[in-house]
Amino acid sequence: MRWWDIEPVLELERVLFPEDAWSAGMFWSELAETRHPGATRHYTVAEDGTGRIAGYAGLMAVGGEGDVQTIAVAREHWGTGLGSRLLTELVREAGRRGCADLLLEVRVDNPRAQRLYERFGFEPVGVRRNYYQPAGVDALVMRLADPARAPLPEATDDMRTRTEGAQQ
Ligand SMILES: CC(C)(COP(=O)(O)OP(=O)(O)OC[C@H]1O[C@@H](n2cnc3c(N)ncnc32)[C@H](O)[C@@H]1OP(=O)(O)O)[C@@H](O)C(=O)NCCC(=O)NCCS
């Protein structure tokens, strides 16, 4: 993901996270941590055949611990394996960066995302009460141990992911 992706990403963000969409400033400050020595973030976008952004995901890796900052797929691409491809990239990147654990928070009322994480071997490790504001929805905290060695589920390969600095 590069700065010129922020506007189209924000359009998806507002639809996919209507209650707690990130602002442009949040994406700008995340991307500022992707392109210098010691950068702690890794952000990617997936494009469909026409170059439209179909999904995006971001990782933070600090002190040997990884966090899935965000992951989202445009609704018309749900169920095509794109969420799995994006998560695969984050798990691999966490492994490359030597993270011992990969953590994430997910709304307790989001079973679709929880199933995605369970397929990758994430396990529930706790609950953060009232984590998502203003509604006060709880977050389930999930953890994948040793992402470098985690077996990854199969996914189809019909969508291209574009990571800053690398074509995949
Ligand atoms: C959560 C989210 C990222 C999942 O994305 P997705 O692209 O639908 O995920 P996948 O296609 O990989 O998996 C979804 C389903 O499709 C199935 N599937 C269909 N074809 C598939 C394929 N070729 N490869 C892998 N899975 C496939 C999966 O088995 C899975 O089934 P299940 O839900 O019954 O377990 C997406 O729903 C989303 O963006 N939601 C809104 C934002 C959000 O909630 N983000 C998470 C915040 S914590």
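Residue numbers count from 1 along this sequence. Each ligand, and each atom within it, is numbered from 1 in the order the structure gives. Any value given below was found using the heavy atoms of this structure, including those in side chains, with hydrogens, waters and symmetry copies removed.
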Backbone or side-chain N or O of [X] under 3.5 Å from ligand 1 N or O:
X      : answer
Ala72  : no
Leu16  : no
Val106 : no
Ser84  : yes
Ala113 : no
Leu116 : no
Glu105 : no

Q: Could you tell me which residues satisfy salt bridge (charged side-chain N to carboxylate O under 4.0 Å, His left out) with Arg119, sequence neighbours excluded, listed by chain and number?
A: none

Sidechain N-carboxylate O distance under 4.0 Å for [X], [Y]:
X      : Y     : result
Arg107 : Glu19 : yes
Arg52  : Glu47 : no
Arg2   : Asp5  : no

**Q.** Proximity of Thr80 to ligand 1 by residue part, where a heavy atom lies under 4.0 Å
**A.**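 Backbone only; the side chain of Thr80 stays clear of ligand 1.
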
Q. Where does Tyr117 meet ligand 1, judged by heavy-atom distances below 4.0 Å: at the side chain, the backbone, both, or neither?
A.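 Within the 4.0 Å criterion, Tyr117 contacts ligand 1 through side-chain atoms alone.
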
Q.
For Trp3, I'd like to know if atom CH2 has over 12 heavy atoms of other residues, nucleotides or ligands within 6.0 Å.
A. no

(Q) Check contact between Arg107 and ligand 1, using heavy atoms of the residue and a distance below 4.0 angstrom. (A)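 It does not; every heavy atom stays at 4.0 Å or beyond.
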
Q.
Please state which option from Pro18, Gly55, Pro153, Gly81 has its nearest heavy atom closest to atom 22 (C) of ligand 1.
A.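 Looking at heavy atoms only, Gly81 sits closest to atom 22 (C) of ligand 1.
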
Q) For atom 38 (C) of ligand 1, which candidate among Phe120, Tyr132, Trp78 holds the nearest heavy atom? A)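 Residue with the shortest heavy-atom distance to the ligand atom: Trp78.
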
Q.
Show the atoms of ligand 1 that are less than 4.0 angstrom away from any heavy atom in Phe17.
A. 42 (C), 43 (C), 45 (N), 47 (C)

Q) Any chance the rings of Phe17 and Trp22 have centres within less than 6.0 Å? A)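 When the ring centroids of Phe17 and Trp22 are compared, they turn out to be at least 6.0 Å apart.
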
Q: Take His42 and Glu89 through the test side-chain contact (heavy atoms from CB on, under 4.5 Å) and record every step on the way to the result.
A: CA-CA 10 Å; His42 174 88; Glu89 176 163 336; 2.9 Å; yes

(Q) Test: side-chain hydrogen bond (donor to acceptor under 3.5 Å, both in side chains). Region: residues 62-73. Which pairs qualify, not counting sequence neighbours? (A)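 Qualifying pairs, neighbours excluded: Glu30-Gln69.
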
Q. Between Asp138 and Asn130, is there a donor-acceptor pair closer than 3.5 Å when you use the side chain of the first and the backbone of the second?
A. yes

